[in-house]
Amino acid sequence: MSAVSKQAPLVEVEDLTVRFTGRDLDIRVVNGVSFTLDRGSSMCVLGESGSGKSVTLRALMRLFPPTATLDGRIRVDGVDVLALGENQLRQIRGGLISMIFQEPMTALDPVFTIGQQIAETLVYHEGISFRAAHARALSLLELVQVPSAKRRLEAYPHELSGGLRQRAMIALALACKPKLLLADEPTTALDATVQIQILLLLRELQHELGMATIFVTHDLGVACEVADKIAVMYAGKFVEAGSAEQIIGAPRHPYTQGLMNSTIHADMRGVKLDPIPGAPPDLTDLPPGCPFAPRCSVAREPCLGLQPELVALEGGQKARCLQYGAAPSFAHAPLLQAS
Amino acid sequence: MFVYALRRILYTIPIAIGVSLVCFALIHLAPGDPLSSVIPEGASAEMIAQIRTAYGFDRPLPVQYLKWLGHVVTGDFGTSIMTRRPVLAEVLPAVLNTLTLASAAVLFGFALGCLFGVISGYVAGTPTDRSVAAFSITGVSIPHYWLGMVLIVIFAVNLNVLPATGMGEGGSGSFGFNWDSLQYLILPALTLSVIPAGIIARAVRGTVAEVRKQDFMQTLYAKGLPGRRVFVHVVKNALPAVLAVMGLQLAQLLGGSILVETVFAWPGTGFLLNNAIFTRDLPMLQGTILVLAMFFVLINLLVDILQTAVDPRIKRA
């Protein structure tokens, strides 16, 4: 066991930036993200829509249109992802790394059967015959606990319920035994009861198959259900990172604290909700200082001009906020808004 | 699937009856007396009445329709007023000629349209896409009879490499798969293929670009499929919509082009129809239109069944 933990992490991301450029746009969607992930462990990236969390996830397999420019370093299982050519990239997609998507209805090809869609991945990655791949597809559907799997193999996506479709999607992603599974809001489009089932299934499969997973979600409940580590993303940067217990138990960044406060628990009836005011910043026009400052309840004057760094706190938790480890004068600066 | 096909085939019967009714009615609604060209000048009223009775025009319209329909069902389309030969004997070779021309035009036009459509669908929004769009708009807008004449001037008159008109020495009777015959096909087929090529290119471009924007494309790339396999997915998704457009274009081409067949003196249905209209040859007109309308019905049937075979979302029950 100690041998495993001494191995290099499965995923190492250093100073990743993703820019989308076009004729009249140039947006930095991800702006200097770094993290590592050990084999077999799971991480959750939390954030609002537009925070760059899905883009970070896609960067791990470079799933972008040609208008995207990636910088930094990504290593997955020793493979330098950003240096790969088209052919090698195709081999790690669906092989070493695979992905499940938010909306299983639109993420599956409507005119091919579930069996065909799972089998073709196997045919191209493992060079086996279509017939053999089809047989493997059946055992995969059984692995993800699809009832009467044999019949479902011949079904088209529109003939399945949302939950079954997502199970089929998971079976597809697991086809070539990936070491890293990426999940982009895998339960957002599902009914609440089905959400739990899918999450439990994913957690079970992760332990069973020993793969690492990275989830992207805006749902705190999902995050604490599945994650060993949590990273909170805002305006293309990690603003806080740490273990799930740290982030959920003792969030340090005002944005994370705001997220916690705007979550609904059962014992909150009658309690006034405390949402984060305002909206995420426009990525094409970021403020010079902390991008969260305009919405932050504890922002002080330096926040408007200084970009905070990710500061290491006790227990390995990190937060990107000037109140930690910054100049001592910060605490004396007046609050921008009284709340 | 089989049950659906069978039901769809049964549905064509009332459609066919409707078509025959419209076909019959249209001609009787048209102004002018169909017999005016047969009746000699200065004929007595008695003689006119006699001719009317001979052609059956003295009976009430419903009776005429039923009688005509009864004959049509048994393959008797009546006798041409002008040539005094059975209509079917005139229509069938013409249909065959038009079929030859249309097939060649379709082969060329659809291939070209699909090629350009797929290319610009894949590069939607780029200069290449815009030049293909310009090409297809030009293709759709050029009057094809004019293009036909220009082609004749260039290839037959100036370069003298291809024959200008007709189907060859033996006419349609000796037309075969050899250069002597096929060289007559090239110019009219090329002329006829330009509009379908443009229309198909635009339809394919739109559908392919639409399919490529779907979420599942990302899944296909995330699975690590090579481009050629992704293309198979694009084609199968785009096919139903493109088939519908192709079916309509094919049916239109089978109807024969009066203008192009006249320019190239190609003895097809368009040519026949043109003659029948100008000579007020009523049985001929009815017979030709009915045969052409039936082609439309048949091709629609074919497209429907093909679409269902390709796209599982179209209800099969």
Identify which part of [X] has an atom lying under 4.5 Å from any heavy atom of chain A, answering side chain, backbone, both or neither.
X        : answer
B:Leu239 : neither
B:Gln218 : both
B:Pro226 : both
B:Val310 : backbone

Inset, instruction - Please tell me if the side chains of B:Val297 and B:Phe295 come closer than 4.5 Å, counting only heavy atoms from C-beta onward. - result: no

Inset, instruction - Find out whether A:Val76 and A:Leu180 are in side-chain contact, i.e. whether some heavy atom of one side chain is under 4.5 Å from a heavy atom of the other. - result: yes

Pick one of side chain, backbone, both or neither for [X], based on which atoms fall under 4.5 Å of a heavy atom in chain B.
X        : answer
A:Leu63  : both
A:Met105 : neither
A:Arg58  : side chain
A:Ile100 : neither

Inset, instruction - Name the option with the most non-hydrogen atom pairs under 4.5 Å to chain A; the candidates are B:Arg229, B:Lys236, B:Gln214, B:Lys223. - result: B:Lys223

Inset, instruction - Decide, yes or no, whether a salt bridge links A:Glu126 with A:Arg136 under the criterion of side-chain N to carboxylate O below 4.0 Å. - result: yes

Inset, instruction - Taking only Lys NZ, Arg NE, NH1 and NH2, and the carboxylate oxygens of Asp or Glu, determine whether A:Glu185 and A:Lys53 approach each other closer than 4.0 Å. - result: yes

Inset, instruction - Dump the intermediate steps for side chain to side chain donor-acceptor pair (under 3.5 Å) on A:Thr67 and A:Thr21, then the final yes or no. - result: CA-CA 5 Å; A:Thr67 50; A:Thr21 44; over 6 Å; no

Inset, instruction - Using a cut-off of under 4.5 Å on heavy-atom pairs, state which of A:Gly95, A:Ala175, A:Pro110, A:Pro178 scores highest against chain B. - result: A:Pro110

Inset, instruction - Between chain B and each of A:Thr113, A:Val111, A:Leu108, count heavy-atom pairs under 4.5 Å; write down the option with the most. - result: A:Val111

Inset, instruction - Check for a donor-acceptor pair, side chain of A:Gln166 on one end and backbone N or O of A:Leu190 on the other, with a separation under 3.5 Å. - result: no

Legend entry - Pairs touching residues 77-97 of chain A that satisfy side chain to side chain donor-acceptor pair (under 3.5 Å), sequence neighbours left out: A:Arg39-A:Asp77, A:Asp77-A:Lys179, A:Asn87-A:Arg90

Legend entry - A:Phe20, CZ atom: more than 12 neighbouring heavy atoms under 6.0 Å: yes

